[in-house]
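Data block below; observations after.
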Amino acid sequence: MTPLAGVRVLDLSGRIGAYCGKILADLGADVVKVELPIGDRLRHLPPYRDGEHGPESSLLFAYYHHNKRGITLDWERDEALPLLGELSASVHVVLASPKGEPQRLAGYVENPPSLSWVAGDVVTCFISPFGLTGPYREWRATPFTSFAMSGSMHAVGPPDGPPLAMPGQQFYDEAGAWAAFLVQAVLRSPRHLWAQVIDHSVHEFGLFYKLGTEQYGLDGRIKTRATNFGPPPGGVWRCADGFLDIGAHAAHHWDLFVDLLGRPAELADPIFRDRQMRIQLFDLLNDSIGTLLLTRSARQLVEAGQAAGLPCALSQTGAQFVREPQSTARGFFVRTCRPGTGSFDIPGAPFRSAPPLIAYRRPAPTLGEANADVYVGELGHSEAELERWVADGLV
Amino acid sequence: MDSSSGDAPLLSGVRVLSFGSVVAGNTCAVILAELGADVVKVESWEHPESLRAYDSAHQSALYEPSGVRTTALFAGLTRSMRSVSIEMEITAGRETFRTLVEHADVVIENLGPGKMDSWRCGFAELTAHNPRVVMISISGYGRTGPLAAYKAYASNINNYLGLTAAWALDGTHFDFVAGVHGASAVLGALAEVERGARGVFIDMAQTEAGAAVMAPLYLDFLANGREGGAAPNEVPGALLSAVCRCQGADEWVALELEDGRDWAILCAFLERDDLVLQGGTVTPARRDALNEALENWTRTVTALQATLKLQHAGLAVGAVQNDEDLWRDGQLRSRGCFVEVEHPDIGLVEYPAGPNRLSRTPGQVRARSARLGEHTGAVLAEWLGCDEAAVRALRQVGAVWQPDDTSAYRQA
């Protein structure tokens, strides 16, 4: 049930690596999240649980740290170095993000990128906005500014601007999923290969993302906000009861679409069967299809369209998605319950499997929840020492 | 991108059979291939993958010598793999495939609902041939539930998940999200099999991988029942998140102030002491005033100039890069993030290399995209020990095909 059982991970990567650590934890690794004593950045971002407002009531923190344990350590200070060394000696993987945020990471070595306090067969996985070499390596970023740089924002939004950023932190998380894959690949190799450094860059991930689209490198074309979607009937259409999205990339989809509407005269000209002609006649078709669909039911068109083999979907809100019977039938959402956020559902495993590979073992930790377990129980320090570090602000 | 060390690639020895097509399936396969897995792409000669014939106004239709179509887009997504042509619509083809599965570790598919079962190559049948096989099935909505039969393109998933409503018409690509998660899930399953489990079936829905990386969109509703999100370009929790026009036709820069320290830096940079927060909160009027002051300045500089100056001041800021900006991005160029691939039917193309930057065993593009069926004979020989006569017999019954079957060449 837990492919990574027995793997121990020290996670100092903050927001940018939160999803990477989450994947490793979901797959069964013992992931110890190390927060600065003020708490992870995600603890200080909304949304919070209603009626609460503090580091324990952040819903983002609760989601991204499910299945992890948590300790605190002021890893900006050099006084943390001995403890970082002790912590890393008992783990197989260290996740860290030494660039991109204002915080510094004690013991980070620039050239080649590495951590002075990591020794032995430990995988060091750095995740940063731009990577740890190159002219932008010192740049700060957030998911918002990072997405702006990715090349995926400029062509999204109203033609006159401004371009619109994707809400959330999806590219951080996808890059994190890729980093988890790299760590998993190292962990299944011979032990002597574990002692290596991964320099994972969200910006570089954003470039690779272009492999699945018509890239500039293939055709020299710059997509704009006026052209960033396929020709009709592709796109989102207003219907009587909501919005309908149609994906119509294959040649036969035009005929399916025309049949679905009962072969209206406006769309009967065979010239429209040619995708290139539909690009040429974009505006004309947009007007006539838009008018035809205004009086139709999106829900019925989706059902009939899917039955006929036309890829289409309701265009709905996030709240409507959450209520979809499909998610319930597949048990997608899982319940978490912890102090500060109470009981609520969070998105569950990104895939189902038989046998299950992902188990939900513990909710996200409260700040410093495992300090005594780790510093006293596992590293063998005395409770008096731990109290002294706490008083000093180190822990 | 040659590996500098003599170490074997991380996934060497892992054998993958891939019906992966278009973006989701091919992405999952190419990620595994570039870390060293032996990925064999399986295609029919009669019905090659649809992406080969993707009709684009901007990319010409190209042909392999056999007459099969291809595109630069297809070649990018299928690089580093080998190609075997098997005809799954005939019994001998299906038998050949199932025999290959006996020698494989992983099967990838994102075909239409029920297709693998119709070939009697569903997970149950395949585990009868190889009890330790890992099979990943990527679909739009998952292989169970009331929408299991639904077809999906990336835009459908955007809309279904609520991202279009919260953002814009055509943005991200959940087929890609599923492909990346698929690579991680496959390694998780292989680890489980190596620990003694029987085979693993992975049911990867684009909707579910997508919702997992879009949790911030749902949490307020899930916990508080509150609907509706932030305004466009408004980052929850930020003191200011702005996209400002710069000098030039369609030039923009994005800036986020995360806390009071950032706010003070920007006030000092713009010499607007009057907007400094004196212990007070950020009012909408004050935010608008700072935003306006910022844009008055950014209009006088290019997006890259604005980015450099504000980064030097210590702020989180980034130019809103278009496709061309990305291709000449100084950071990506400096780090060697592009790779040139020469293909006899396509020419020399520069592709994104892939973020596989490991110090000892980096990933790399292992080969140009294979022509359809280019490795049919080689894989049958390597995996099954077929001699030439055995391969010829399979070709004669139409179970497999390879491009030197010149009698079957189509008119280009």
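Every heavy atom of this structure was used, including side-chain atoms; hydrogens, water molecules and symmetry mates were not.
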Under 4.5 Å from a heavy atom of chain B, the part of A319(A) involved
both
With only heavy atoms counted, which part of H44(A) is less than 4.5 Å from chain B, the side chain, the backbone, both or neither?
neither
Test side chain to side chain donor-acceptor pair (under 3.5 Å) on N159(B) and T164(B); report intermediate values, then the result.
CA-CA 5 Å; N159(B) 283 275; T164(B) 306; 3.2 Å; yes
Determine, stepwise, if the pair R140(A) / D262(B) fulfils salt bridge (Lys or Arg N to Asp or Glu O under 4.0 Å).
CA-CA 11 Å; R140(A) 264 183 79 184; D262(B) 289 348; 2.8 Å; yes
Only pairs of heavy atoms separated by less than 4.5 Å count here; which of F344(A), Y64(A), F332(A) has the most with chain B?
F332(A)
Is there a donor-acceptor pair under 3.5 Å between the side chain of R137(A) and the backbone N or O of G134(A)?
yes
For F176(B) and F205(A), what are the C-alpha separation, side-chain angles and deciding distance, and is it a ring-ring contact (aromatic ring centres under 6.0 Å, His included)?
CA-CA 11 Å; F176(B) 193 88; F205(A) 168 82; 5.8 Å; yes
Side chain, backbone, both or neither: which part of S353(A) has a non-hydrogen atom closer than 4.5 Å to chain B?
both
Residues passing the salt bridge (Lys or Arg N to Asp or Glu O under 4.0 Å) test with D50(A), sequence neighbours excluded, are R226(B)
Any chance the side chains of T341(A) and R49(A) put a donor and an acceptor closer than 3.5 Å?
no
Quick one: of D173(A), V197(A), I198(A), L45(A), who has the most non-hydrogen atom pairs under 4.5 Å with chain B?
V197(A)
Could you look at E324(B) and say if it's the side chain, the backbone, both or neither that has a heavy atom under 4.5 Å from chain A?
both
Please rank F333(A), F243(A), F321(A), F351(A) by heavy-atom pairs under 4.5 Å with chain B and give me the top one.
F321(A)
Would you kindly say whether D245(A) and S155(B) are connected by a side-chain donor-acceptor distance under 3.5 Å?
yes
Is A329(A) close to chain B through its backbone or its side chain, or both, or neither, when contacts mean heavy atoms under 4.5 Å?
side chain
Atom group of Q196(A) that falls short of 4.5 Å from chain B, counting heavy atoms
both
Residue F130(A) versus chain B: region with a heavy atom under 4.5 Å
both
Between F221(B) and chain A, which part of the residue has a heavy atom less than 4.5 Å away: side chain, backbone, both or neither?
side chain
H200(A) and F181(A): aromatic ring centres closer than 6.0 Å?
no
Bottom line for Q320(A): the part with an atom under 4.5 Å from chain B's heavy atoms is neither
The interface call for L24(A) against chain B, heavy-atom contacts under 4.5 Å, is neither
Let me know if I23(A) has heavy atoms under 4.5 Å from chain B in its side chain, its backbone, both or neither.
side chain
Atom group of R188(A) that falls short of 4.5 Å from chain B, counting heavy atoms
side chain
For K223(A), is there an ion pair with D323(B) - N to carboxylate O distance below 4.0 angstrom?
yes
Of the backbone (N, CA, C, O) and the side chain (C-beta and beyond), which part of F144(A) lies under 4.5 Å from a heavy atom of chain B, both, or neither?
both
Report the relative orientation of the aromatic rings in Y216(A) and W327(B); use parallel for angles under 30°, tilted for 30 to 60°, perpendicular for over 60°.
tilted
Where does A5(A) contact chain B at under 4.5 Å (heavy atoms): side chain, backbone, both or neither?
both
Options Q169(A), R323(A), K22(A), ranked by heavy-atom pairs under 4.5 Å with chain B, top entry:
R323(A)
Partner chain B: residue of A180(A), P190(A), S150(A), P102(A) with the largest heavy-atom pair count (under 4.5 Å)
S150(A)
For the interface with chain B, which of R352(A), E101(A), Q326(A), E324(A) has the highest count of heavy-atom pairs at distances below 4.5 Å?
Q326(A)
Largest heavy-atom contact set with chain A, pairs under 4.5 Å, which of V14(B), N26(B), I31(B)
I31(B)
Segment of L314(A) engaging chain B (4.5 angstrom heavy-atom cut-off):
backbone
Please look at N233(B) and chain A and tell me whether the side chain, the backbone, both or neither of the residue comes under 4.5 angstrom of a heavy atom of that chain.
both
Examine whether an atom of A37(B) lies under 4.5 Å from a heavy atom of chain A, and if so say whether it belongs to the side chain, the backbone or both; otherwise answer neither.
neither
Heavy-atom proximity to chain B below 4.5 Å, by part of Y48(A):
backbone
Side chain / backbone / both / neither for R328(B) at chain A, heavy atoms under 4.5 Å:
neither
Quick one: list whatever passes salt bridge (Lys or Arg N to Asp or Glu O under 4.0 Å) with R195(B), sequence neighbours left out.
none
